Amino acid sequence: MESKAISQEEARAALEQIDGIEQDSRKPPAPTWAYVILGTSFGVTVAGAIIGWKYWWIVFVLTIIAGIALTFWNNNRNVRPSMKQPLQEDPKTNWAAALAPAFIMPLMWFVPEGSVVGGAIAGVVIAIVFTAVMVYGEKRR
């Protein structure tokens, strides 16, 4: 088999095309606003539960469903791996963000029930912490 010599410019152009295809095939990370909305909705859930809002559990269930959907969306690959490509480890799941609701909800017992001020403060603090955990986990990937 005979080989054809190519110039450096042609080789660089070919490598740039390959890099462009690779960049296009990568799935972009979830936008930060998605984490802000998810964290805020969880903060509203906590504040609503403390204040005594009748339907806080609906927002909680929707937040859990949205969190699961976001986790699946982040872990879904855009392109299936080829047999010729080197094996790569799947991205790690942000378990801190996935389990945060289960650990934060018992902390509501420390705020007096029916307290609007306490509920608002707890909701804001939890929304900020929850959002920060999710954004940090995404940046670490």
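Since the structure is predicted, the reported quantities are computational estimates derived from the model, not experimental observations.
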Self-check item: Ala47 versus Gly123, closest heavy-atom pair with distance
Solution: CB-CA, 4.1 Å
Quiz item: Can you tell me how far CD1 of Ile51 sits from CD of Glu113, rounded to the nearest 0.5 angstrom?
Solution: 11.5 Å
Quiz prompt | Hydrophobic cluster membership, Ile50 vs Ile58, 4.5 Å side-chain cutoff | solution = yes
Solution key, residues 60-68 side-chain donor-acceptor pairs under 3.5 Å, sequence neighbours excluded:
unit_1 : atom_1 : unit_2 : atom_2 : d
Thr63  : OG1    : Ser41  : OG     : 3.2
Thr63  : OG1    : Val59  : O      : 2.7

Self-check item: Results of side chain to side chain contact (heavy atoms under 4.5 Å, CB included) for Pro112 - residues two or more places apart only
Solution: Ser115
Self-check item: Hydrophobic cluster (4.5 angstrom, side-chain heavy atoms) - remaining members for Ile128
Solution: Val124
Exercise. May I ask whether Val44 and Val46 are part of the same hydrophobic cluster, defined by side-chain heavy atoms of I, L, V, M, F, W, Y residues being less than 4.5 angstrom apart, directly or through others?
Key: no
Quiz item: Can you list the residues that meet the side chain to side chain contact (heavy atoms under 4.5 Å, CB included) rule with Ile121, with sequence neighbours excluded?
Solution: Val117, Val125
Quiz item: Does the pair Leu38 and Thr131 meet the rule for a side-chain contact (heavy atoms from CB on, under 4.5 Å), with working shown?
Solution: CA-CA 7 Å; Leu38 197 61; Thr131 303; over 6 Å; no
Quiz item: In Å and rounded to the nearest 0.5 Å, what is the OH to OG1 distance from Tyr55 to Thr45?
Solution: 15.5 Å
Quiz item: Applying the 4.5 Å side-chain criterion to the ILVMFWY set and letting contacts propagate, would Val36 and Val135 be lumped into a single cluster?
Solution: no
Quiz prompt | Pairing residues for Ala49 by the side chain to side chain contact (heavy atoms under 4.5 Å, CB included) criterion, not counting sequence neighbours | solution = Trp56, Met108
Practice problem: Output all residues satisfying side chain to side chain contact (heavy atoms under 4.5 Å, CB included) with Ile37, sequence neighbours left out; order by chain, then residue number. | Solution: Trp33
